[in-house]
2 protein chains.
Amino acid sequence: MAEPKVCEDLVRERKKCTFDVTELTNLIDGGAQATEERHYVENLVINTEGMITKDEVPEEYLSHKERYEYAIKKACILYEVLKEYAAKHNTMDAFKPTNKYRVTFGMVKDISPFMLHMGMFVPTILNQSDPEQLAEWLPQAMSMGILGTYAQTELGHGTFLRGLETTATYDPATEEFVLHTPTLTAYKWWPGGLAHTANHCIVVAQLYSKGECYGVHPFFVQIRDTETHMPLPGVKVGEIGPKMGFQTANNGFLGFDHYRIPRRSMLMKNAQVLKDGTYVKSKNDKLTYGTMVFVRVLIVTDVAYELSRAATIAVRYSAVRHQSQPKPGEPEPQILDYVTQQHKLFIGVATSHVFRVTGYWLWDSYSKVIADVGKGNMDQLPELHALACCLKAVCSRDATARVEEFRLACGGHGFMASSNLPIINGIVSATITYEGEYTVLMLQTARFLVKAWKQATLGNAMTPTVSYLLRFFNNDRVHWETSPEGIVSGFLAIAAGKTKAACESLQEYEKSGMDYEDAWNSASVQLVNASEAHCRAILCEVSWRELSRLAAQSSPSLGKVLLQMGELYLIYWALEKRGDLLLYSTITRADIAKLQARYEVLLGLLRPNAVGLVDAFDIRDEILNSTLGAYDGRVYERLMEEALKSPLNAEPVNQSFHKYLKPLMMKAKL
Amino acid sequence: MAEPKVCEDLVRERKKCTFDVTELTNLIDGGAQATEERHYVENLVINTEGMITKDEVPEEYLSHKERYEYAIKKACILYEVLKEYAAKHNTMDAFKPTNKYRVTFGMVKDISPFMLHMGMFVPTILNQSDPEQLAEWLPQAMSMGILGTYAQTELGHGTFLRGLETTATYDPATEEFVLHTPTLTAYKWWPGGLAHTANHCIVVAQLYSKGECYGVHPFFVQIRDTETHMPLPGVKVGEIGPKMGFQTANNGFLGFDHYRIPRRSMLMKNAQVLKDGTYVKSKNDKLTYGTMVFVRVLIVTDVAYELSRAATIAVRYSAVRHQSQPKPGEPEPQILDYVTQQHKLFIGVATSHVFRVTGYWLWDSYSKVIADVGKGNMDQLPELHALACCLKAVCSRDATARVEEFRLACGGHGFMASSNLPIINGIVSATITYEGEYTVLMLQTARFLVKAWKQATLGNAMTPTVSYLLRFFNNDRVHWETSPEGIVSGFLAIAAGKTKAACESLQEYEKSGMDYEDAWNSASVQLVNASEAHCRAILCEVSWRELSRLAAQSSPSLGKVLLQMGELYLIYWALEKRGDLLLYSTITRADIAKLQARYEVLLGLLRPNAVGLVDAFDIRDEILNSTLGAYDGRVYERLMEEALKSPLNAEPVNQSFHKYLKPLMMKAKL
């Protein structure tokens with residue numbers, strides 16, 4: 001089959017590119033071999049029968065129920081392929097923040113009903129089972145012999161774990177736990193795949209033994225018959241209904257009516273309940289942090305990836321779309337040539353790189369800390385936890401804003417489902433809430449910062465990510481210098497200054513007679529601001545260091561572009577936060593004007609490489625799933641082709657005309 | 001039927017309220033009589049058979065096609081009721097920015113396929129037909145004897161009107177226009193109701209006569225047979241597919257193949273084509289601005305209304321939802337008691353009031369200017385146009401951000417379709433793009449500001465909305481005063497300062513050798529910033545003045561609350577823009593700390609009235625359409641009731657288990 005012709009605009013753009021696109025792709029993937037492996041997996045999946053079916057009705061036209069059935073079909077085909085591949089290779093790759101397995105999400109347009117099987121069910125078994133449990137459960141879970149999910153959140157209880165109402169009461173007579181849902185608000189609510197897909201799940205419940213409550217613990221629970229898939233007696237399970245996104249995630253609810261499970265269903269790597277009902281405490285409470293922190297770390301690289309998808313769509317569309325005629329007689333320019341459009345797009349491209357390199361750095365920190373924890377050293381855990389909290393929160397929120405900006409940059413067409421931007425928007429904006437709500441996480445980091453500040457006031461040694469507090473302890477107006485390093489210093493000074501201000505405000509409220517928690521609440525807007533400043537400083541510092549390191553290892557032409565993106569990110573945020581820089585550095589109005597001018601220069605420098613930069617994300621059309629973003633740029637042809645697939649367009653006159661419209665018109669004529 | 005019990009939390013909240021809720025409702029509606037009339041219309045609609053059908057499957061579960069059919073059914077029932085009502089009263093009310101007719105949108109959950117009939121088809125006929133045409137077309141259109149829409153945007157052409165490709169070529173031999181779609185990108189694309197609903201539409205096309213092109217003009221065109229609804233020969237029409245919102249708007253595409261219409265199909269109030277093909281120019285080009293400006297004015301009050309819907313949902317939910325346990329042993333507090341939550345919610349409530357009063361003020365300005373235009377005086381038109389551009393752009397964008405914040409404030413449940421927040425989000429975020437894309441409109445206002453600045457440099461007299469430029473011409477650092485009036489002055493100084501900076505930047509780029517349009521493009525990020533500052537200053541100044549005026553006319557208890565909301569809006573934005581205030585006023589770090597403290601005090605003052613404030617929006621449950629926001633606060637019961645309506649929940653086991661899941665599991669066991 002002949003390749004469809006690539007549109008002229010994109011051919012021209014690709015000729016302009018000043019760096020080797022493949023070199024950047026390899027850098028993003030983590031080496032040429034990783035790119036090759038990714039291509040291999042992608043080909044495997046895409047060429048499997050049933051995976052891409054050209055003429056089927058696009059899923060957006062289907063009913064809610066049909067969409068679920070469609071997603072299950074695709075997810076099953078996909079998993080068989082990946083299982084086969086995984087059997088030959090190292091399966092655990094699926095749990096690293098690389099692009100290779102992202103195909104699993106990309107191929108089922110929206111979220112797969114199996115997402116929590118691999119994303120939460122398997123990791124929880126891995127991290128919290130004892131060796132005997134691991135040997136029994138893991139092989140079944142990994143091979144999809146059982147289908148699982150993770151049920152924690154309840155209808156009336158989210159981020160506040162201690163508030164969960166589901167109970168697991170130990171009965172020593174039968175050596176069983178009795179799971180029970182005492183109220184409507186105690187129903188499990190939200191877990192993906194729970195509704196009609198999973199037959200097992202991890203249930204988080206309040207553990208009672210010998211009349212004592214020992215807090216929440218995880219249990220491995222079968223909820224449906226593996227032969228008939230019927231809910232087991234005592235189990236009430238179903239789906240929670242349509243959402244803003246995640247239409248195919250099959251989110252479910254789950255209630256128990258005195259449902260009995262064996263004692264050994266409790267995951268016993270840490271805490272245990274003995275046969276007689278004796279509760280054996282975990283050696284360290286913090287051990288259960290593991291999965292939570294792990295998922296938050298992954299979200300940072302996940303949103304970086306989703307940003308790269310949205311960037312590819314918006315930048316290619318902006319190269320193909322022409323609009324207005326600023327100069328009489330000349331043709332309408334590509335909208336990519338408008339500086340306001342570059343302002344919307346390039347920060348998004350840069351942000352994808354900033355989040356990816358920061359996410360990988362966070363992943364490395366996570367791996368080191370978890371290795372230490374394995375050796376019994378928990379010292380770094382609070383810092384890692386504080387870091388993962390604010391980075392998950394800020395990156396998810398920023399990514400959502402950037403995806404929305406990309407969508408708006410595509411004008412009306414960005415509103416079309418066929419652009420795929422609405423689905424990406426749904427996927428990314430959900431990350432602000434799940435796995436720890438934004439404000440709750442920011443306040444977790446704030447607690448760490450307040451403690452750190454107290455250490456600083458005592459002159460004590462600080463852990464690495466907050467050592468800057470000491471540096472700005474006595475001088476909160478840093479000397480301004482217009483350079484990337486100067487901007488990083490400025491952001492550290494802002495973070496220190498805001499932490500100090502929030503701590504002082506907290507003290508003032510306390511002095512006015514409030515107890516600590518009321519004072520905390522009163523100062524909480526400022527505390528969230530301090531966390532945000534801390535996180536922004538980390539993003540600036542880490543990404544500039546990492547991009548500089550990668551630039552030094554790259555060819556000069558690519559290195560230059562990497563530094564331009566790093567600098568663009570720094571200057572964009574310096575301008576956004578100029579109010580804070582005016583408060584916490586010696587920056588002047590003239591310096592700000594200089595930054596604005598440099599920002600405009602950087603947009604111009606990145607302009608010729610815009611399409612090359614998104615080509616380097618190397619996202620295949622089948623995974624991008626967008627009428628606006630395909631490699632060949634045939635935007636208008638694809639929009640019309642997709643529209644013509646609408647079942648409404650299969651008939652010239654819809655039945656509702658005869659039933660409703662005609663009678664309405666007739667009455668007007670009477 | 002007994003009223004269901006209102007949940008305890010809301011009962012308690014309502015007792016706390018310090019003002020008369022009905023007084024505020026009347027103020028919002030524009031008087032007690034207006035409230036009564038609105039209630040009358042709402043009752044009429046809600047009690048009509050077929051309008052509210054309790055046990056039908058909620059529309060989100062339906063297929064795309066079924067949703068359209070559902071929407072047509074509801075829209076037809078609705079219009080018959082309203083027609084009957086309108087026949088007895090003054091119909092033109094539907095074109096004023098009041099809440100009375102908002103029921104037409106609220107009752108069909110998403111956008112009605114008739115929206116553009118009343119919103120664009122009828123107003124265009126009203127504003128651009130000559131008397132004879134008006135007499136022929138208007139009665140048919142008003143009575144729904146014909147179903148219309150407005151087709152302007154094309155697949156390849158949006159905001160840039162001159163770029164439209166559809167042609168209307170006059171043929172004097174038959175005294176007809178020949179409508180033609182020369183390319184794929186010339187297809188009309190987006191008009192609501194165009195796909196399968198309308199049988200007539202206003203088509204905007206390039207007018208050719210005697211070999212000359214006279215630019216775009218509107219034509220009244222029949223596209224479907226009124227008896228059979230079949231597309232007429234030469235007309236290609238269909239739907240464009242699913243979107244991020246507007247699922248039931250029935251947006252369509254339309255192409256013509258040398259399609260002939262009578263000469264008198266051209267709307268001839270302004271320009272005309274005579275029988276022999278002679279083109280008669282409009283007396284004033286600016287006359288056609290009318291409808292465009294009108295729709296933009298309405299968008300400001302529309303988004304204020306949508307904000308009030310989202311606010312009602314989020315505030316009531318926050319009063320019912322309990323979370324965390326800051327103090328050991330005490331019950332979980334209402335999330336409304338968290339200051340971070342108040343920070344998310346109250347600015348949204350205040351913004352709804354600010355946009356409404358500013359929108360009404362804009363509506364008055366519009367009415368005056370249009371009356372003047374009727375008398376041949378066009379002087380105020382450029383200022384009105386500049387005002388409507390930036391207010392539409394900024395209010396639509398701000399409203400979207402606030403709705404999203406409300407959604408996030410409801411945590412996971414805000415992501416549920418049954419909360420109705422996702423649909424409101426879709427409705428509001430579309431306003432950023434339609435009827436003039438955000439950046440394009442901001443740059444229109446910037447052109448006006450640049451001209452005004454030049455007048456200021458010449459010392460010439462200024463029109464009212466930009467006279468502040470003179471005030472800050474020689475002193476761009478205004479003396480800071482911590483008061484509402486001081487903040488307004490600060491914002492005017494920012495607007496003047498940014499306009500000046502953008503103009504200077506523009507000049508610098510020109511001096512460097514660029515032509516004016518390249519210089520304009522290079523400075524455009526700063527020009528948009530200047531427009532935004534101008535608009536923010538207008539919003540602050542007008543809303544503070546209007547709310548103060550309304551407060552003076554109200555009872556002291558309500559007056560106090562109105563001023564608190566006005567002040568909250570000012571301080572919120574002063575804090576957001578503190579960087580600009582530091583640059584353009586003498587504000588100090590201590591002043592900013594004082595503002596922050598006052599902001600926290602205001603949140604506390606508004607807290608007891610939170611539920612009363614949203615009750616005063618007086619949005620009936622049937623129009624609010626939300627599991628989270630109903631008057632009785634039975635949040636969890638409604639969430640579960642809605643979920644149980646899912647067709648997926650009608651069967652314990654979905655067919656896909658036998659077809660796909662079981663085979664997948666079996667393979668694992670081999």
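Residue numbers start from 1 in every chain, and the chains themselves are labelled A, B, ... in the order their sequence lines are given, proteins ahead of strands.
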| said: If you define the side chain from C-beta out and look only at heavy atoms, does anything of A:Thr228 sit under 4.5 Å from B:Val653? | reply: no
| Note, B:Lys74 side chain near A:Tyr660 side chain (heavy atom, < 4.5 Å) | no
| query | Salt bridge between A:Glu227 and B:Lys662, side-chain N to carboxylate O under 4.0 Å? | reply | yes
| field | Electrostatic pair A:Lys344:B:Glu437 at N-O distance under 4.0 angstrom | value | yes
Which atoms of [X] are under 4.5 Å from chain B, going by heavy atoms: the side chain, the backbone, both sets, or neither?
X	result
A:Gln341	neither
A:Ser419	neither
A:Arg589	both
A:Leu644	side chain
A:Leu184	side chain
A:Phe253	side chain
A:Trp520	neither
A:Thr433	side chain
A:Ile77	neither

If you count heavy-atom pairs under 4.5 Å with chain A, which of [options] comes out on top?
options	value
B:Ser418, B:Pro231, B:Ala430, B:Gly158	B:Ala430
B:Phe246, B:Tyr338, B:Tyr68	B:Tyr68
B:Leu443, B:Asp515, B:Leu603, B:Val339	B:Val339
B:Gly163, B:Ala417, B:Gly604	B:Ala417
B:Cys76, B:Gly579, B:Pro242	B:Pro242
B:Lys659, B:Met442, B:Gln247, B:Gln526	B:Gln526

Can you name the closest pair of heavy atoms from [X] and [Y] and give their distance?
X	Y	result
A:Gly238	B:Asn649	CA-OD1, 3.3 Å
A:Thr197	B:Leu661	O-CD1, 3.9 Å
A:Phe657	B:Thr226	CZ-O, 3.7 Å

Contacting moiety of [X], where chain A heavy atoms sit under 4.5 Å:
X	answer
B:Leu147	side chain
B:Leu62	backbone
B:Tyr434	neither
B:Glu60	both
B:Val635	neither
B:Val528	side chain
B:Ile423	neither
B:Gln596	side chain
B:Leu581	neither
B:Ser429	both
B:Arg67	neither
B:Thr185	side chain
B:Tyr187	side chain
B:Phe415	both

| field | Nearest-0.5 Å distance that lies between atom CD in B:Glu651 and atom NE2 in A:His196 | value | 8.0 Å
| To the nearest 0.5 Å, how far apart are CE in A:Met244 and CG in B:Asn425? | 4.5 Å
| remark: side chain to side chain contact (heavy atoms under 4.5 Å, CB included) test vs B:Glu517 passes for just one of A:Lys327, A:Gln325, A:Glu330, namely A:Lys327
| B:Lys65, B:His229, B:Glu239 screened by side chain to side chain contact (heavy atoms under 4.5 Å, CB included) with A:Asn654, the one that passes | B:Lys65
| field | Check: A:Asp337 main-chain N/O paired with B:Asn521 side-chain donor or acceptor under 3.5 Å | value | yes
| said: With a 3.5 Å distance limit and no angle check, can you tell me whether A:His413 reaches the backbone of B:Gly156 through a side-chain donor-acceptor pair? | reply: no
| message | Taking ring-ring contact (aromatic ring centres under 6.0 Å, His included) as the definition, give me every residue that meets it alongside A:Tyr61, ordered by chain and number, with sequence neighbours left out. | response | B:His64
